[in-house]
Amino acid sequence: MKELEVGIDKIGLYVPKYYIDMKELATYRGVDPNKWTIGIGQEQMAVPTLASDVVALAANAANQIITEEDKGLIDQVIVGTESGVDHSKSIATFVHGLLEINPFAKAFEIKQACYGATAALQLACDYVRLRPERKVLVIATDISRYGLDTSGEPTQGAGAIAMLVSANPKILTIRQESFMHTNHQFDFWRPNDSEYAMVDGHFSTKLYQDEFVKVLEHVEAMNPSLLERIEAMTFHLPFTKMGLKALNAYEEAKGSHPIIDKWRSHYDASRVLNRRVGNIYTGSLFLSLISLLAKDDTLSAGETIGLFSYGSGAVSELLIGQLQPDYRQYVNSEEIEQHLDRRDALTVEQYETIFLEKQLVNDGQSAPLTADEVGFYFAGITDYKRQYHYQA
Ligand code: HMG
């Protein structure tokens with residue numbers, strides 16, 4: 001029986017209003033700029049203000065893609081994040097309320113480092129496979145923080161990706177078959193009382209490569225001809241050299257092979273946007289997907305795309321997608337460029353000031369915050385309740 005076609009019908013990106021240029025920050029830190037632009041592969045890094053928190057980023061991303069009709073058809077709002085704003089209440093409930101999605105839907109959050117949104121996407125696809133007339137809104141939203149002048153600093157970032165999952169999607173179908181692997185490790189984690197992520201940096205990059213090789217070897221065992229049918233491979237990109245390192249590791253394990261060269265030929269297109277945003281944790285893989293779809297003119301409808309998701313701790317999964325006939329029409333490269341170009345560059349002093357700003361919560365109250373620009377924003381805390389407003 002032919003599999004019902006289910007997957008990403010719409011996809012939207014939202015990044016904060018500010019960024020810092022990596023060359024400028026590297027020079028300030030006394031690092032050779034080539035280490036960050038070439039060695040790590042980052043040009044710019046998104047910087048969120050307090051007003052541009054993960055709820056605001058998520059709501060603004062989703063607001064770009066869903067219509068009034070969608071709001072009535074959405075049965076679930078699922079947020080993948082590792083930057084939750086409350087131990088109990090999910091970001092998804094805030095977004096559900098802000099966007100006025102029909103009340104007879106459910107809303108919840110999934111956490112497993114950068115992997116969470118992949119689990120959300122899979123859940124969404126399975127739900128729609130059983131109820132093809134309904135839709136699910138999946139959002140990846142995160143702020144990556146390692147601290148000023150740390151080795152992780154050049155791999156920070158912030159942003160959200162929203163995806164509407166439906167039957168007969170316009171952009172990418174996601175196959176039911178996928179390949180996963182779990183390996184309990186401490187490569188990157190953030191204890192409940194720590195504002196910053198803890199990371200064993202070099203171990204984390206090695207573990208990522210090992211997990212990629214393991215997952216691909218699992219694919220070879222389970223479905224021997226599948227890898228050769230994948231035209232382009234997209235990756236979770238904590239920094240844009242990471243996917244290349246994974247491809248090199250696979251080549252080292254397997255020996256040289258034309259399929260690896262083919263994946264390399266599409267790699268640069270899949271990291272154009274990530275180079276300008278940084279690590280957005282759960283959204284990084286999907287940012288890379290948008291980048292590939294918007295920037296790679298050599299791809300054609302019907303081709304198969306691999307999506308390699310990695311979340312420290314560690315969970316990995318390879319999803320298999322297929323480009324839909326008019327996908328180019330629905331991933332507007334010009335609009336995406338405009339969204340990135342609207343941003344203002346910060347000086348290092350401004351970046352450090354914004355980075356160190358705290359919410360100053362006293363007896364459950366905080367000072368009111370102002371919006372950076374048009375859209376949803378975090379306006380402060382009243383009676384321990386986070387307040388969100390819309391700046392028209
Ligand atoms: P580091 O020690 O500052 O950098 O840490 P390095 O010495 O490893 O150098 C980085 C690269 O720059 C190397 O390239 C150097 O050769 C090169 P490589 O050998 O690796 O290909 N280099 C230069 N290139 C050109 N010109 C120069 C120059 N100098 C050096 N002058 C590290 C880098 C990524 C470890 C650090 O930034 C870090 O800890 N980042 C955070 C952790 C991370 O991103 N890990 C990635 C895998 S884990 C993951 O993806 C999950 C994650 O997203 C979290 C989650 O799941 O929630 C992080």
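Just so you know, these numbers use all the heavy atoms, side chains as well, and skip hydrogens, waters and symmetry mates. Quick caveat, the model's predicted, so the values are computed rather than measured. Note that ligands are numbered from 1 as they come in the structure, with each ligand's atoms numbered from 1 the same way.
In terms of protein heavy-atom proximity, atom 11 (C) of ligand 1 is nearest to G39 O, 3.3 Å. In this structure, the protein non-hydrogen atom closest to atom 30 (C) of ligand 1 is K35 CG, 3.5 Å. In this structure, the protein non-hydrogen atom closest to atom 39 (O) of ligand 1 is G201 CA, 3.3 Å. The protein atom (non-hydrogen) at minimum distance from atom 42 (C) of ligand 1 is V199 CG2, 3.5 Å. Among all protein heavy atoms, the one lying closest to atom 58 (C) of ligand 1 is Y146 OH, 3.4 Å. Regarding atom 43 (C) of ligand 1, its nearest protein heavy-atom neighbour is S204 OG, 3.8 Å.
The option with the heavy atom closest to atom 46 (C) of ligand 1, from among S316, A197, P238, is P238.
The shortest N or O to N or O distance between H202 and ligand 1 is below 3.5 Å. Of the N or O atoms in E82, one or more lie within a sub-3.5 Å distance of an N or O in ligand 1.
R134 forms no cation-pi arrangement with Y127, by the criterion of a distance under 6.0 Å to the ring centre and an angle within 45° of the ring axis. In this structure, R342 satisfies the cation-pi test against Y14, with its NZ or CZ atom closer than 6.0 Å to the six-membered ring centre and inside 45 degrees of the ring normal.
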*Where do K295 and E337 land on the salt bridge (Lys or Arg N to Asp or Glu O under 4.0 Å) test, with the steps shown first?*
CA-CA 11 Å; K295 304 291 177 192; E337 287 295 333; 2.4 Å; yes
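Looking at residues two or more places apart in sequence or on another chain, you find a side-chain contact (heavy atoms from CB on, under 4.5 Å) between T81 and V79, S83, I91, E109, T141, D142.
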